[in-house]
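Right, one structure below, let's go through it.
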Amino acid sequence: MVIWMSLWGKKLDREVLPSLEEEKEVDTLIIGGGIAGLTTLYYLKDKEDVFLVDAGKVGDGVTKNTTGKLTFLQNTIYTDLLNNINLETAQDYLQSQKMAIDLAKNIIEKENINCFLERVDSYVFTTKSKEIKKLKQERDFLVSQNIKVKENALPVQLSSIYSISVEDTYVFHPILYVNHLKSLLKEKIFENTKIVKIKKEKGKYVCIGEKIKIIASNVIVACHYPFFFLPFCLPIKAHLEKSYIVVRKVKENPKISAITVSNPGMSIRYHEDESGIYEICLACSHKTSNHQEDAENFKTVKKIFHINEEEVVDLWSNVDIITDDKLPFIGNASKNLFVATGFNTWGMTNGILAGYLLSKKILGDQVPFQELFSLKRSNFYQIKNFFPNLIGSAISFIGSKKRAKKWYKSHLIFTKKNGKPIAIYIDKNGVKHTVFTTCPHMGCSLIFNELEETWDCPCHSSRFTKDGACIKGPSTKDIHYKE
Ligand SMILES: Cc1cc2nc3c(=O)[nH]c(=O)nc-3n(C[C@H](O)[C@H](O)[C@H](O)COP(=O)(O)OP(=O)(O)OC[C@H]3O[C@@H](n4cnc5c(N)ncnc54)[C@H](O)[C@@H]3O)c2cc1C
């Protein structure tokens with residue numbers, strides 16, 4: 001299997017924690033050990049009756065493939081919120097992101113986590129003259145909030161025509177952060193324990209796993225894409241975006257991170273450790289519903305950043321959830337059932353913030369930003385994006401049924417068994433791998449990812465190995481085909 005591991009995971013030897021083998025009753029169960037779930041567990045560490053389960057290894061979800069920038073300068077989010085919702089929302093979101101950076105710094109300092117936290121200037125830049133006005137609006141908003149903004153040129157070789165930058169932002173090694181929390185909290189973590197269903201019985205939640213069940217008074221769902229539709233209906237409130245990352249070694253660290261105003265996005269950051277300085281380049285972001293060839297996109301990233309083939313030390317892709325109003329969902333889905341999701345590619349700040357906010361809920365403390373991140377909110381921005389995103393999802397649902405990539409013709413055989421579509425993939429050794437090609441989550445047709453040899457869902461980001469094992473939710477079921 002060719003599932004890629006990013007720069008972050010490659011160099012680490014990580015302990016595997018035991019799975020949960022017996023039924024348990026607990027006050028608070030956290031489902032999912034990415035940055036959001038683990039940080040929640042960290043803030044609840046002094047509470048006795050709480051534990052976390054992860055379907056695989058903690059940190060091995062979307063978090064392991066992030067680019068690890070901790071910044072409040074996020075494209076032109078404040079101008080978007082100001083123009084489409086209101087000033088108060090833009091101000092609150094800015095405060096929340098600044099708070100998240102402080103929380104991250106505090107945890108890292110207090111626990112003495114060696115995760116290469118480095119203070120850098122964050123840039124937003126544009127390559128298009130029509131975006132300068134928007135970027136200047138972003139500058140004006142930030143200045144009005146007493147943030148020091150510079151209009152200096154981007155100090156790296158990219159075709160930027162205008163850029164702004166701010167101070168007091170950071171980059172870090174996300175998996176060293178996650179790993180440290182994992183060892184600190186390992187008595188409260190069970191790996192390889194997947195939850196497939198939640199139901200309510202006698203005022204408590206029964207969380208049904210593949211082998212066990214857990215009864216909990218409070219449940220925190222931090223599994224990236226929740227595996228249930230009701231009560232929260234995420235598939236109609238968000239879409240998915242995929243990006244491609246290529247890494248090379250360089251001689252100098254300019255101590256910056258940078259991102260473009262809008263999609264298809266580009267971003268760059270540097271990571272420095274004892275083995276050298278790495279330039280982490282991201283581009284070609286697109287909706288997963290608008291399927292593109294991964295190999296072509298990696299080529300484009302190399303071209304944009306002038307990276308020669310022999311310079312490449314690593315490459316990988318990653319998918320995150322983009323909500324219709326670009327704000328995360330952190331809060332109650334129903335009484336005592338909490339969700340943290342929809343981080344809009346800013347899950348380092350928002351995942352850490354989610355951990356803080358949800359732990360406060362469990363502890364019965366005052367919780368800031370409740371309205372801002374409410375799962376039940378509705379605003380003009382959501383309505384404005386609802387139909388384009390719904391149409392995009394419909395196209396991906398219908399299109400995924402018809403799609404026949406050029407590559408498919410020589411490597412895949414599509415047929416049906418008892419009316420259900422199946423595909424036979426013949427690998428480079430001539431071995432056949434047969435799977436059902438309908439996603440068990442909501443019925444979208446899966447697309448074969450020939451670079452990683454996985455079946456990927458273009459609608460909600462579930463992934464399966466070439467032999468049909470589910471390796472990423474929201475699907476909780478496999479797509480194995482047996483004669
Ligand atoms: C290309 C790219 C670059 C990015 N760069 C940045 C950046 O620079 N800065 C930034 O702030 N953000 C960035 N992000 C966003 C950030 O990486 C994500 O938002 C964040 O990692 C999501 O964390 P999570 O904890 O929600 O999910 P995950 O890390 O996916 O964790 C969820 C966990 O839940 C487990 N799980 C799933 N289903 C179940 C189940 N049924 N039962 C039990 N466990 C389950 C999984 O195994 C997984 O370990 C980027 C995103 C992308 C796509």
Side-chain angles (χ1 to χ4, degrees), residues 6 8 19-20 29-40 52-74 97 100-101 104 122 169-172 174-175 177-178 182 189-198 207-210 214 219-228 240-245 257-259 265 267-269 271 280-285 288 301 316-323 328-330 339-355 441 461-463 470-477:
S6 67
W8 314 123
S19 57
L20 185 64
L29 173 69
I30 301 166
I31 304 174
I35 191 143
L38 269 179
T39 309
T40 312
L52 181 152
V53 291
D54 194 287
K57 254 182 170 181
V58 302
D60 256 7
V62 175
T63 299
K64 82 164 188 291
N65 288 336
T66 180
T67 49
K69 302 184 285 296
L70 271 170
T71 179
F72 60 87
L73 193 65
Q74 304 173 356
Q97 298 310 288
I101 295 172
S122 280
T169 63
Y170 294 81
V171 290
F172 74 142
I175 295 301
Y177 168 87
V178 159
K182 173 176 166 172
I189 300 174
F190 296 94
E191 292 189 320
N192 295 308
T193 305
K194 188 192 278 184
I195 302 300
V196 297
K197 198 174 172 185
I198 303 179
C207 303
I208 301 165
E210 286 172 313
I214 305 158
V219 176
I220 295 172
V221 180
C223 61
H224 192 241
Y225 205 114
F227 48 88
F228 47 82
L240 288 134
E241 197 173 279
K242 183 167 182 176
S243 306
Y244 301 79
I245 296 143
S257 76
I259 190 156
S267 91
I268 194 162
R269 68 155 281 196
H271 167 69
I280 302 167
C281 307
L282 174 153
C284 298
S285 310
T288 52
V301 180
W316 70 89
S317 63
N318 200 14
V319 172
D320 207 9
I321 302 163
I322 311 297
T323 63
F329 289 112
I330 306 167
V339 173
T341 189
F343 296 149
N344 299 290
T345 76
W346 297 108
M348 297 300 104
T349 44
N350 285 310
I352 289 171
L353 187 67
H441 173 233
S461 78
S462 296
R463 297 186 76 191
C470 178
I471 47 169
K472 183 184 180 309
S475 173
T476 52
K477 295 188 185 135

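Every number for a ligand or one of its atoms is a count from 1 in the order of the listing. For the single chain, residues carry numbers from 1 onward in sequence order.
Remark: the backbone N or O of Phe190 is not paired with any side-chain donor or acceptor of Asn192 at under 3.5 angstrom. Side-chain N or O atoms of Arg269 include one that pairs as donor or acceptor with a backbone N or O of Thr67 at under 3.5 Å. Between the side chain of Thr193 and the backbone N or O of Leu20, at least one donor-acceptor pair lies under 3.5 Å. Between the side chain of Trp8 and the backbone N or O of Thr63 there is no donor-acceptor pair closer than 3.5 Å. The backbone N or O of Gly33 sits less than 3.5 Å from a side-chain atom of Asp54, completing a donor-acceptor pair. Without hydrogens or angle criteria, Trp316 side chain to Asn65 main chain gives a donor-acceptor distance under 3.5 Å.
Between Thr345 and ligand 1, at least one N/O pair is under 3.5 Å apart. For the pair Asn318 and ligand 1, the shortest N or O to N or O distance does not fall below 3.5 Å. At least one N or O atom of Gly347, backbone or side chain, sits closer than 3.5 Å to an N or O atom of ligand 1. Considering backbone and side-chain atoms alike, Asn65 places every N or O at 3.5 Å or more from each N or O of ligand 1. Looking at ligand 1, you'll find an N or O of Val62 within less than 3.5 Å of one of its N or O atoms.
If you check each of Gly209, Gly56, Ala222 against atom 32 (C) of ligand 1, the one with the closest non-hydrogen atom is Ala222. Nearest-heavy-atom check against atom 20 (C) of ligand 1 across Val171, Thr63, Thr71 picks out Thr63. One option in Thr67, Asp60, Val53, Ile259 has a heavy atom closer to atom 5 (N) of ligand 1 than any other, and that option is Thr67.
Put simply, CG on Asn318 and OG1 on Thr345 are 10.0 Å apart, with the number rounded to the nearest 0.5 Å. For the atom pair Lys242 NZ and Ser285 OG, the distance stands at 11.5 Å (nearest 0.5 Å). Here OG of Ser257 is found 14.5 Å from NE2 of His271. Values are rounded to the nearest 0.5 Å. Atom CD1 of Ile35 and atom CG of Asn350 lie 10.5 Å apart (nearest 0.5 Å). Here the CD1 atom belonging to Ile31 is positioned 4.5 Å from the CZ atom belonging to Phe227, to the nearest 0.5 angstrom. Of the inter-residue distances, the one linking Ile268 atom CD1 with Ile245 atom CD1 reads 12.5 Å to the nearest 0.5 angstrom.
Of all the heavy atoms of Phe343, the ones lying under 4.0 Å from any atom of ligand 1 belong exclusively to the side chain. Neither the backbone nor the side chain of Ala340 has any atom closer than 4.0 Å to an atom of ligand 1 (non-hydrogen atoms only). At a heavy-atom distance under 4.0 Å, only backbone atoms of Val319 (N, CA, C or O) approach ligand 1. Under 4.0 Å from ligand 1, the heavy atoms of Ile31 that appear belong solely to its side chain. With a 4.0 Å heavy-atom cut-off, ligand 1 is reached by the backbone of Ala36 and by its side chain too.
With 3.5 Å as the limit, one finds a donor-acceptor pair spanning the side chains of Ser267 and Lys69. When only modelled atom types and interatomic distance are considered, Thr476 and Lys194 share no side-chain donor-acceptor pair under 3.5 Å. Side-chain contact check for Ser462 and Tyr225: no donor-acceptor pair (N or O, by modelled atom type) lies under 3.5 Å.
Between Pro174 and Phe172, the shortest heavy-atom distance links the atoms CD-O, 3.3 Å.
At the shortest separation from atom 11 (O) of ligand 1 among protein heavy atoms lies Met348 N, 2.8 Å. Nearest protein heavy-atom neighbour of atom 15 (C) of ligand 1: Asp320 OD2, 3.2 Å. Remark: minimum distance from atom 6 (C) of ligand 1 to any protein heavy atom is reached at Thr66 OG1, 3.0 Å. Counting protein heavy atoms only, atom 49 (O) of ligand 1 is closest to Asp54 OD2, 2.6 Å. Looking only at protein heavy atoms, the nearest one to atom 9 (N) of ligand 1 is Lys69 O, 2.8 Å. Gly34 CA, 3.2 Å is the protein heavy atom nearest to atom 31 (O) of ligand 1. Taking atom 43 (C) of ligand 1 as the reference point, the nearest protein heavy-atom neighbour is Ala55 N, 3.2 Å. Given atom 38 (N) of ligand 1, the protein heavy atom at minimum distance is Cys223 CB, 3.4 Å.
Using a 4.0 Å cutoff on heavy atoms, Ser243 counts as a contact of ligand 1. Residue contact check for ligand 1: Gly33 places a non-hydrogen atom closer than 4.0 Å to it. Under a 4.0 angstrom heavy-atom cut-off, Leu282 registers as being in contact with ligand 1.
Of all atoms in ligand 1, numbered sequentially from 1 with element shown, those under 4.0 Å from a heavy atom of Thr193 are 43 (C). For ligand 1, the atoms closer than 4.0 angstrom to any heavy atom of Ile245 are 1 (C). Listed by atom number, the atoms of ligand 1 under 4.0 Å from Trp346 heavy atoms are 9 (N), 10 (C), 11 (O), 12 (N), 15 (C). Here is the list of ligand 1 atoms found below 4.0 Å of a heavy atom in Phe227: 41 (N). Near Thr349, with a cut-off below 4.0 Å to any heavy atom, the atoms of ligand 1 are 11 (O).
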Worked verdict on Val178 versus Lys64 for side chain to side chain contact (heavy atoms under 4.5 Å, CB included): CA-CA 9 Å; Val178 159; Lys64 82 164 188 291; over 6 Å; no
